[in-house]
Amino acid sequence: MHLPVSAVPPMAFAGSPIDRADNIRVDPAALGNLMNWRARVLNLDGLLPEFDDDGRLLWHTLADVGEDTELVFLGMMDDRAHFAPVPVEGASGPAMPRAWQVMQMLQPEDLALYGGARSLIDWHARHRFCANCGAPTKPAKGGWQRNCDACGAQHFPRTDPVTIMLVEHEDRLLLGRQPRFPPRMYSALAGFVEPGETIEEAVAREIHEEAGVRVRDVRYIASQPWPFPSQLMIGCTSVADDPEITIDRTELDDARWFTRAELEDARAAGPDGNEQMIFPQKFAIAHHLIAWWLDQ
Ligand SMILES: [Zn+2]
């Protein structure tokens, strides 16, 4: 028996309250009319958001941003147009420790709005030149496209699909440790979907590559936008018949089977975990996938 997908709670970075209003993106006159004193512009520190003590995003007006600032149209909210500025410099650099802190301080709706804006403006910052001919590109359609005048190519913001998956064998789950994880942290195995693959094929390939385990019955459970820089995490479950593990040490420090009781204990131990394991944090889809399995 499986719980319905609706039993998975809302994910961090999901549930943005903004109306994307794509009909306005393609209408320069309508967009121009909305660029008035009521419009709001996301207040950013590089790629990081600025926010108040209640975890609400801070916003500028158009009067606060320079004439040369490149703006993307995020959408409509409270009958106002909302924009985000594209940083002048290409927005590389991890800044992840600050980003993790920020994620835990923002209200859920503001986190979702910020995550979408972050992915979009980061894409602009890294796509100033045409991938086809190398000439400079210009934003179009409210910032949901970039055009190259030199060769006529049109470029669109991309979302990269990543599968993240539970593997089940006789009431145990296969979890692994990436070298970058904190000590004792175990999570669901994950990997990018490659060209020419279905989601199901990517799940099976990744598990076999990383842990040497063959799986069947891959099923979709839930997804999560992950704006670092622009992944879509596709949460799945699968079943293994043979539990023999062969770890790919270039990908994983460790992989092992956890019993239901072990996972329950680690979850109950909270963010610092117990002696054996730290359960994935709540902002990660892995937390919700494992919790979903445990609560069946
Ligand atoms: Zn070009």
Side-chain angles (χ1 to χ4, degrees), residues 2-3 5-15 96 99-100 103-104 108 111-112 115 159-169 171-193 199-200 202-207 209-211 213 215 218-240 245 247-248 251-274 276-296:
H2 283 285
L3 284 176
V5 170
S6 59
V8 180
M11 301 287 169
F13 296 111
M96 282 309 281
W100 295 125
M103 287 195 293
Q104 291 166 51
L111 179 63
T159 297
D160 299 321
V162 176
T163 55
I164 179 162
M165 45 275 178
L166 303 179
V167 185
E168 188 176 346
H169 179 263
D171 215 34
R172 299 180 301 168
L173 285 187
L174 176 67
L175 301 178
R177 278 185 47 72
Q178 293 179 27
R180 63 181 177 82
F181 283 5
R184 294 177 289 124
M185 167 82 77
Y186 281 81
S187 188
L189 303 187
F192 285 95
V193 179
I199 291 170
E200 292 84 349
V203 165
R205 175 183 54 76
E206 284 288 344
I207 296 168
E209 282 176 4
E210 295 188 3
V213 173
V215 299
V218 175
R219 293 196 313 125
Y220 169 81
I221 303 298
S223 65
Q224 178 189 37
W226 190 250
F228 305 102
S230 59
Q231 286 90 293
L232 177 66
M233 307 300 294
I234 303 168
C236 295
T237 165
S238 65
V239 177
I245 296 172
I247 298 169
D248 176 358
E251 298 263 358
L252 296 178
D253 265 358
D254 191 24
R256 48 160 292 199
W257 296 98
F258 287 83
T259 65
R260 185 175 291 273
E262 287 172 328
L263 292 170
E264 289 282 16
D265 282 351
R267 174 166 68 166
D272 294 331
N274 57 23
Q276 187 183 37
M277 179 196 175
I278 297 175
F279 202 86
Q281 308 295 308
K282 277 188 180 161
F283 55 72
I285 188 173
H287 174 99
H288 299 287
L289 293 175
I290 302 169
W292 169 85
W293 183 81
L294 285 174
D295 294 338
Q296 286 180 97

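- Contact check for Arg177 versus Leu252: no side-chain heavy atoms found under the 4.5 Å cut-off.
- Here the CD1-CE distance, from Ile285 to Met11, works out to 4.0 Å after rounding to the nearest 0.5 Å.
- Applying the side chain to side chain contact (heavy atoms under 4.5 Å, CB included) test to Ala12 and every residue at least two apart in sequence or in another chain returns Leu111, Gln224, Phe283.
- Residues satisfying the side chain to side chain contact (heavy atoms under 4.5 Å, CB included) criterion with Thr259, sequence neighbours excluded, are Arg172, Ala261, Glu262.
- Using a 4.5 Å cut-off on side-chain heavy atoms (C-beta onward), Leu263 and Trp293 make contact.
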Test side-chain contact (heavy atoms from CB on, under 4.5 Å) applied to Glu264 and Leu294, step by step
CA-CA 7 Å; Glu264 289 282 16; Leu294 285 174; 4.0 Å; yes
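- Just one residue in the list Ile199, Ile221, Val167 forms a side-chain contact (heavy atoms from CB on, under 4.5 Å) with Cys236, and that residue is Ile199.
- Heavy-atom minimum distance, Arg260 versus Gln296: NH1-O, 4.2 Å.
- A side-chain contact (heavy atoms from CB on, under 4.5 Å) with Ile164 holds for exactly one of Val203, Leu189, Leu289; it is Leu289.
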What donor-acceptor contacts under 3.5 angstrom involve side-chain atoms of residues 181-188, with partners at least two apart or in another chain?
residue : atom : partner : partner atom : Å
Arg184  : NH1  : Asp272  : O            : 3.2
Arg184  : NH1  : Asn274  : O            : 2.6
Tyr186  : OH   : Asp254  : OD2          : 2.4

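- Partners of Glu200 under the side chain to side chain contact (heavy atoms under 4.5 Å, CB included) rule, at least two apart in sequence or in another chain, are Thr198, Val218.
- Residues that satisfy the ring pair (Phe, Tyr, Trp, His ring centres under 6.0 Å) test with His288, not counting sequence neighbours, are absent from this structure.
- Glu251 pairs by the salt bridge (charged side-chain N to carboxylate O under 4.0 Å, His left out) definition with nothing, not counting sequence neighbours.
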